[in-house]
Amino acid sequence: MSELIVWTYDWVPEGPRGFVRDIRLRWACEEAGLAYSVRTVPFNDRGPCHLAHQPFRQVPFLSDGELEIFESGAGVLHLARKSERLMPRDPLGEAQTLQWTIAALNSIEMVTVPWWFLEVTGVKDNHLTDWLESRLDRMESILREREWLVADRFTAADLLMTDVLRVAKLRSFGDRPATESYVTRITERSSFKKAHADQLAHFAAAD
């Protein structure tokens, strides 16, 4: 079996620590019981070598032998194909995992990230707020009716949806008890705690 390598920055400022998206790949490997190592690219010198692996100078990217994948969602789905713990093998369960994975990244994160960016920059009138509120309200309605997004158990879809929703500013925006319960319960998983602690330690060691 080829070695899985999760690539991330050698260092980042304190603000994004715990949220740099290599945590998604670390977490997926921990959930699936897949052995992996972590290697780095420079944060301050994102040159041609970095671009050869990630065309937008971001992280993470994933190496699996000769295969390389950039974008955290693509990496998580690649890992999900290696383990039924992350994605059911029946056609319905697989299709629903794929659709909710894409929903987390496209229907939810595409709204939450620009909203959050405008909020932290101190914009006086964030025109994305109504859009964000409608998406979060829909998720609240869905999570009020189910414990997991797919197959009555944890999957890669829950991993990515939780990572999108766990941002503190989102969690404090409005009163959504079902969503908060969902995020709290999933981030209490030992696999998430280990991935989170390992990422924090990784960046702290580079200070």
Between the CH2 atom in W11 and the CG atom in D207, the distance rounded to the nearest 0.5 Å is 7.0 Å
Are any of the side-chain heavy atoms of F203 and E14 separated by less than 4.5 Å?
no
Could you work out, with ring-ring contact (aromatic ring centres under 6.0 Å, His included) as the rule, every residue matching F192, not counting sequence neighbours?
W27, H196
Going from OH on Y182 to CG on L165, what distance comes out if it is rounded to the nearest 0.5 angstrom?
7.0 Å
Smallest heavy-atom separation, V76 atom then A156 atom, equals CG1-CB, 3.7 Å
How long is the straight-line distance from OG1 of T162 back to CZ of R189, given to the nearest 0.5 Å?
9.0 Å
Could you check if a side-chain atom of T155 sits within less than 4.5 angstrom of a side-chain atom of M87, using non-hydrogen atoms only?
no
Atom pair OG/CD1 of S72 and I23 - distance to nearest 0.5 Å
11.5 Å
In Å, rounded to the nearest 0.5 Å, how long is the span from CG of L128 to CZ of R135?
11.0 Å
Shared hydrophobic cluster, V38 / L67 (ILVMFWY, side-chain heavy atoms < 4.5 Å)
no
Got more than 12 heavy atoms from elsewhere within 6.0 Å of CZ, F19?
yes
Closest non-hydrogen atom pair between L4 and C29, with its separation:
CD1-SG, 4.3 Å
Where is the tightest heavy-atom contact between R153 and R85, given as atom of each residue plus distance?
NH1-O, 3.2 Å
Would you mind reporting whether V59 and H50 have side-chain heavy atoms less than 4.5 Å apart?
yes
Which residues pass the side chain to side chain donor-acceptor pair (under 3.5 Å) test with R26, not counting sequence neighbours?
D22
Keeping Q54 on the side-chain end and F70 on the backbone end, is there a donor-acceptor pair under 3.5 Å?
no
Note: T8 and V20 closest approach over all heavy atoms is OG1-CG1, 4.0 Å
Do E30 and K194 sit within salt-bridge range, that is, some charged N less than 4.0 Å from a carboxylate O?
yes
Is there a side-chain contact between L136 and V111 (heavy atoms, below 4.5 Å)?
no
Remaining members of V113's ILVMFWY cluster at a side-chain heavy-atom cut-off under 4.5 Å?
none
Would M139 end up clustered with W131 when hydrophobic side chains under 4.5 Å apart are linked, directly or stepwise?
yes
Can you list everything that forms a side chain to side chain donor-acceptor pair (under 3.5 Å) with T112? Sequence neighbours excluded, please.
none
Can you give me the closest heavy-atom contact between A104 and L160, atom names plus distance?
CB-C, 4.0 Å
When clusters are formed by joining ILVMFWY residues with side-chain heavy atoms under 4.5 Å apart, either directly or through shared neighbours, do I5 and L51 land in the same one?
no
Give a yes or no on whether V183 and V167 share a hydrophobic cluster (residues Ile, Leu, Val, Met, Phe, Trp, Tyr; joining criterion: side-chain heavy atoms under 4.5 Å apart).
yes
Decide side chain to side chain contact (heavy atoms under 4.5 Å, CB included) for L170 and W115; before the verdict, give the C-alpha distance in whole Å, the side-chain angles of both, and the deciding distance to 0.1 Å.
CA-CA 9 Å; L170 289 175; W115 177 86; 3.8 Å; yes
For residues 39-46, dump all side-chain donor-acceptor pairs below 3.5 Å to protein atoms at least two apart in sequence or in another chain.
unit_1, atom_1, unit_2, atom_2, d
R46, NE, F43, O, 2.8
R46, NH1, Y9, OH, 3.1
R46, NH1, R57, O, 3.4

Those residues that, when tested against W116, pass ring-ring contact (aromatic ring centres under 6.0 Å, His included) (two or more places apart)
none
Pairs under 3.5 angstrom only: tabulate donor-acceptor contacts from the side chains of residues 90-100 to other protein residues two or more places apart or in another chain.
unit_1, atom_1, unit_2, atom_2, d
D90, OD2, L92, N, 3.4
D90, OD2, G93, N, 2.7
T97, OG1, G93, O, 2.8

Taking only distance into account, with no hydrogens and no angle test, what donor-acceptor pairs under 3.5 Å do side-chain atoms of residues 143-152 form with protein atoms, sequence neighbours excluded?
unit_1, atom_1, unit_2, atom_2, d
R146, NH1, L149, O, 2.9

Sorted by chain and number, sequence neighbours left out, ring-ring contact (aromatic ring centres under 6.0 Å, His included) with H53 holds for F61
Side chain to side chain donor-acceptor pair (under 3.5 Å) contacts touching residues 172-181 (sequence neighbours left out)
D137-R176, E140-T179, R171-E180, E180-T184
Apply side chain to side chain contact (heavy atoms under 4.5 Å, CB included) to residues I69 and D64 and explain how you reach the verdict.
CA-CA 8 Å; I69 301 174; D64 184 359; over 6 Å; no
R166: partners by side chain to side chain donor-acceptor pair (under 3.5 Å), with sequence neighbours left out
D163
Check whether F117 and L105 end up in the same hydrophobic cluster, where Ile, Leu, Val, Met, Phe, Trp and Tyr are linked by side-chain heavy atoms less than 4.5 Å apart.
yes
Who are the side chain to side chain donor-acceptor pair (under 3.5 Å) partners of E109, not counting sequence neighbours?
R21, R24
Roughly how far apart are L34 CG and S83 OG, rounded to 0.5 Å?
6.0 Å
Going through the distances and angles, do L62 and H78 end up as a side chain to side chain contact (heavy atoms under 4.5 Å, CB included)?
CA-CA 9 Å; L62 178 70; H78 177 73; 3.8 Å; yes
